[in-house]
2 protein chains.
Amino acid sequence: MASPQPPYRASARSADDDVLRHVSARERIAARGGRVTRTRLAVLEMLQHGSHPLSHDEIGDALASAGVAHDRVTLYRALDWLVEQGLARRIAGGERAWRFEGVRDAAHRHAHFHCDRCGQVVCLEGLEPAPATALPNGFQVERAELVLHGQCATCGRGDEEVRPR
Amino acid sequence: MASPQPPYRASARSADDDVLRHVSARERIAARGGRVTRTRLAVLEMLQHGSHPLSHDEIGDALASAGVAHDRVTLYRALDWLVEQGLARRIAGGERAWRFEGVRDAAHRHAHFHCDRCGQVVCLEGLEPAPATALPNGFQVERAELVLHGQCATCGRGDEEVRPR
DNA sequence: GTCTTCTTGCAACATTGTAGCATTAGGCCT
DNA sequence: AGGCCTAATGCTACAATGTTGCAAGAAGAC
Ligand SMILES: [Mn+2]
Ligand SMILES: [Mn+2]
Ligand SMILES: [Zn+2]
Ligand SMILES: [Zn+2]
């Protein structure tokens, strides 16, 4: 239920920045013919702003502690919609729950790193998963998902000290 | 609950083959200090013999239709044990359930192809996921998982005809 | 402001996997 | 062959992650 990451905050941004972000998310949603609701707005902003992919649960917690609680189902549906519209991407993190990230450039795909100690997922923007290979006859590749597993920098520092989740 | 694949059969193998396989699985299990039970034996044989990774559910169905029904939990535990012992590997198929495959050569890793139409997963023995890359400082990679997504040969043949699952 | 239709929230359900615990059975020893 | 110890099994209950159906609410066009 709880997330180890700090909750979603506007952090060190000016009010102007916030307004601009807000407008941008609002416009991207409206441009796809969807209604601009507080859920879609909040989720899309969080994904656009966030630096690493978030799980449904983390998003729910963050929204709740920002004072905008939501039903679980609504969140699932908002996320589904964002993914359908190409505004977000769904990532199989190596654990049982999907993670979501905002899509800035639809053409750019990248690999991810999953820390097996703390469960954190980070984007490897520089690493593009190479899809083209000699496949069995008749197979057609549409995309490639590459996930590196290991230990993140934070977990490495404490050496033996294993942080939960 | 049901699997689209044909259930596990001895197919076109001689009784001698079966005995040999049986002995081999039995020995591999005993060699790790585990007790040789009908569950571990049956599961390991199925994984060794199988050509593509199977889900827990598919394994359960196959065992049941071979007349050796098992409790779900027992199957999970047998699979966990085989993975711990390095006799099987767990694969994140892109759907919500793990898939399992027998380990022949512990050193050899390969990528997989997930058909987004029928859900089938096939091994790409020839494709080794390249792990070494420039990671952020302090990150340590232990393994890489590469999954190609697209359409398998069977689903491609029927063109528009989409088979469920 | 009204109306239409998309979106939400709730309750119920589905799937996939785990934990606790009493019972069974593998396999070693005699 | 029989007994014993402990690992493995099977049940039940539970946890985590999603999904479905439907009545009520709200976005935004008019
Ligand atoms: Mn990413
Ligand atoms: Mn494989
Ligand atoms: Zn970590
Ligand atoms: Zn297919």
Side-chain angles (χ1 to χ4, degrees), chain A residues 1-3 25-44 53-61 63-64 68-85 87-88 90-100 119 121 164-165, chain B residues 1-4 22 25-44 53-61 63-64 68-85 87-88 90-100 119 121 164-165:
Chain A
M1 219 13 165
S3 136
R26 174 179 292 275
E27 281 171 357
R28 294 181 79 193
I29 293 171
R32 324 274 148 153
R35 289 189 182 167
V36 180
T37 68
R38 61 172 195 137
T39 310
R40 287 178 182 169
L41 214 45
V43 171
L44 182 52
L54 298 170
S55 69
H56 165 273
D57 210 48
E58 287 165 349
I59 294 171
D61 285 355
L63 287 184
V68 232
H70 282 83
D71 184 79
R72 285 164 13 86
V73 179
T74 301
L75 236 43
Y76 278 118
R77 291 201 268 230
L79 286 165
D80 286 350
W81 187 85
L82 291 173
V83 169
E84 273 167 30
Q85 301 301 317
L87 295 176
R90 196 194 313 266
I91 293 159
E95 265 150 349
R96 310 209 36 246
W98 295 113
R99 281 166 180 274
F100 299 86
V121 173
R165 241 236 166 221
Chain B
M1 223 8 166
S3 137
H22 203 75
R26 174 179 293 275
E27 281 172 356
R28 294 181 80 193
I29 293 171
R32 324 273 149 155
R35 291 188 181 168
V36 180
T37 68
R38 61 174 195 135
T39 310
R40 288 178 180 170
L41 214 46
V43 171
L44 183 52
L54 298 170
S55 69
H56 164 273
D57 210 49
E58 288 166 349
I59 294 171
D61 285 355
L63 287 184
V68 233
H70 282 83
D71 184 78
R72 285 166 12 88
V73 179
T74 301
L75 236 42
Y76 278 117
R77 293 201 269 229
L79 286 166
D80 285 351
W81 187 84
L82 291 173
V83 169
E84 273 168 29
Q85 301 302 317
L87 295 176
R90 197 192 313 265
I91 293 160
E95 265 150 349
R96 311 209 32 248
W98 296 111
R99 282 167 179 273
F100 299 87
V121 172
R165 241 225 169 233

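Order of the sequence lines sets the chain letters (A, B, ...), proteins ahead of strands, with each chain counted from 1.
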Tabulate below the donor-acceptor pairs under 3.5 Å that side-chain atoms of residues 35-43 of chain B make, not counting sequence neighbours, or state none.
| residue | atom | partner | partner atom | Å |
| --- | --- | --- | --- | --- |
| Thr37(B) | OG1 | Arg40(B) | N | 3.3 |
| Arg38(B) | NH2 | Ala69(B) | O | 3.1 |
| Thr39(B) | OG1 | His70(B) | NE2 | 2.8 |
| Arg40(B) | NH1 | Arg35(B) | O | 3.0 |

Nucleotide nearest [X] (side chain, heavy atoms from C-beta), chosen from [options]:
{"X": "Val73(B)", "options": "dG9(C), dT9(D), dC11(D)", "value": "dC11(D)"}
{"X": "Tyr76(B)", "options": "dT18(C), dC10(C), dT15(C)", "value": "dT18(C)"}
{"X": "Asp80(A)", "options": "dT17(D), dT9(D), dT19(D)", "value": "dT19(D)"}

Taking [atom1] from [X] and [atom2] from [N], how many angstroms apart are they, rounded to a whole number?
{"X": "Leu63(A)", "N": "dG9(C)", "atom1": "CG", "atom2": "C1'", "answer": "15 Å"}
{"X": "Ile91(B)", "N": "dT16(C)", "atom1": "CD1", "atom2": "C1'", "answer": "17 Å"}
{"X": "Asp57(B)", "N": "dG17(C)", "atom1": "CG", "atom2": "P", "answer": "9 Å"}
{"X": "Arg40(A)", "N": "dT8(C)", "atom1": "CZ", "atom2": "C1'", "answer": "10 Å"}
{"X": "Leu41(B)", "N": "dT9(D)", "atom1": "CG", "atom2": "P", "answer": "11 Å"}
{"X": "Glu27(B)", "N": "dG27(C)", "atom1": "CD", "atom2": "C1'", "answer": "16 Å"}
{"X": "Leu75(B)", "N": "dT18(C)", "atom1": "CG", "atom2": "P", "answer": "13 Å"}
{"X": "His56(B)", "N": "dT15(C)", "atom1": "NE2", "atom2": "P", "answer": "14 Å"}

Quiz prompt | Residues which pass salt bridge (charged side-chain N to carboxylate O under 4.0 Å, His left out) with Arg77(B), listed by chain and number, not counting sequence neighbours | solution =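 By the salt bridge (charged side-chain N to carboxylate O under 4.0 Å, His left out) rule, Arg77(B) matches no residue at all.
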
Quiz item: Shortest non-hydrogen contact from Ala92(A) to Trp98(A)?
Solution: CB-CZ3, 3.6 Å

Practice problem: Estimate the overall bend of the helix from dG1(C)-dC30(D) to dT30(C)-dA1(D) from the end axes over five pairs each, rounded to 10 degrees. | Solution: 30°

Self-check item: DNA chain C: 5'-proximal contact among Trp98(B) and Asp71(A) (nearest heavy atom)
Solution: Asp71(A)

Quiz item: So do the side chains of Arg99(A) and Glu58(A) get within less than 4.5 Å of each other, counting heavy atoms only?
Solution: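 A side-chain contact exists here, since the closest heavy-atom pair is under 4.5 Å.
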
Self-check item: Heavy-atom side-chain contact between Leu44(A) and Arg26(A) under 4.5 Å
Solution: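 No; the side chains remain at least 4.5 Å from each other.
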
Quiz item: Donor-acceptor pair, His56(A) side chain versus Arg72(A) backbone, under 3.5 Å?
Solution: yes

Quiz item: Given Asp57(A), which of Leu54(A), Ile59(A), Asp61(A) fulfils the side chain to side chain contact (heavy atoms under 4.5 Å, CB included) condition?
Solution: Asp61(A)

Quiz item: Is any side-chain nitrogen or oxygen of Ser55(A) closer than 4.0 Å to OP1 or OP2 of dT17(D)?
Solution: no

Exercise. Answer yes or no: side-chain N or O of Arg72(B) and base N or O of dG10(D) forming a donor-acceptor pair under 3.5 Å.
Key: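 Side chain to base: no pair below 3.5 Å.
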
Exercise. Test for a donor-acceptor pair under 3.5 Å between the base of dG17(C) and the side chain of Arg77(B), counting only N and O atoms.
Key: no

Practice problem: Check side-chain contact (heavy atoms from CB on, under 4.5 Å) between Asp71(A) and all other residues, then give those that pass, not counting sequence neighbours. | Solution: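 Residues passing side-chain contact (heavy atoms from CB on, under 4.5 Å) with Asp71(A): Val73(A), Thr74(A).
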
Exercise. Could you run through nucleotides 24-30 of chain D and give me one letter per nucleotide, 5' to 3': B if any protein heavy atom sits under 4.0 Å from the base, S if only the sugar-phosphate is that close, - if neither?
Key: --BBS--

Quiz item: Could you walk me through whether Ile29(B) and Trp81(B) pass the side-chain contact (heavy atoms from CB on, under 4.5 Å) check?
Solution: CA-CA 10 Å; Ile29(B) 293 171; Trp81(B) 187 84; 3.8 Å; yes

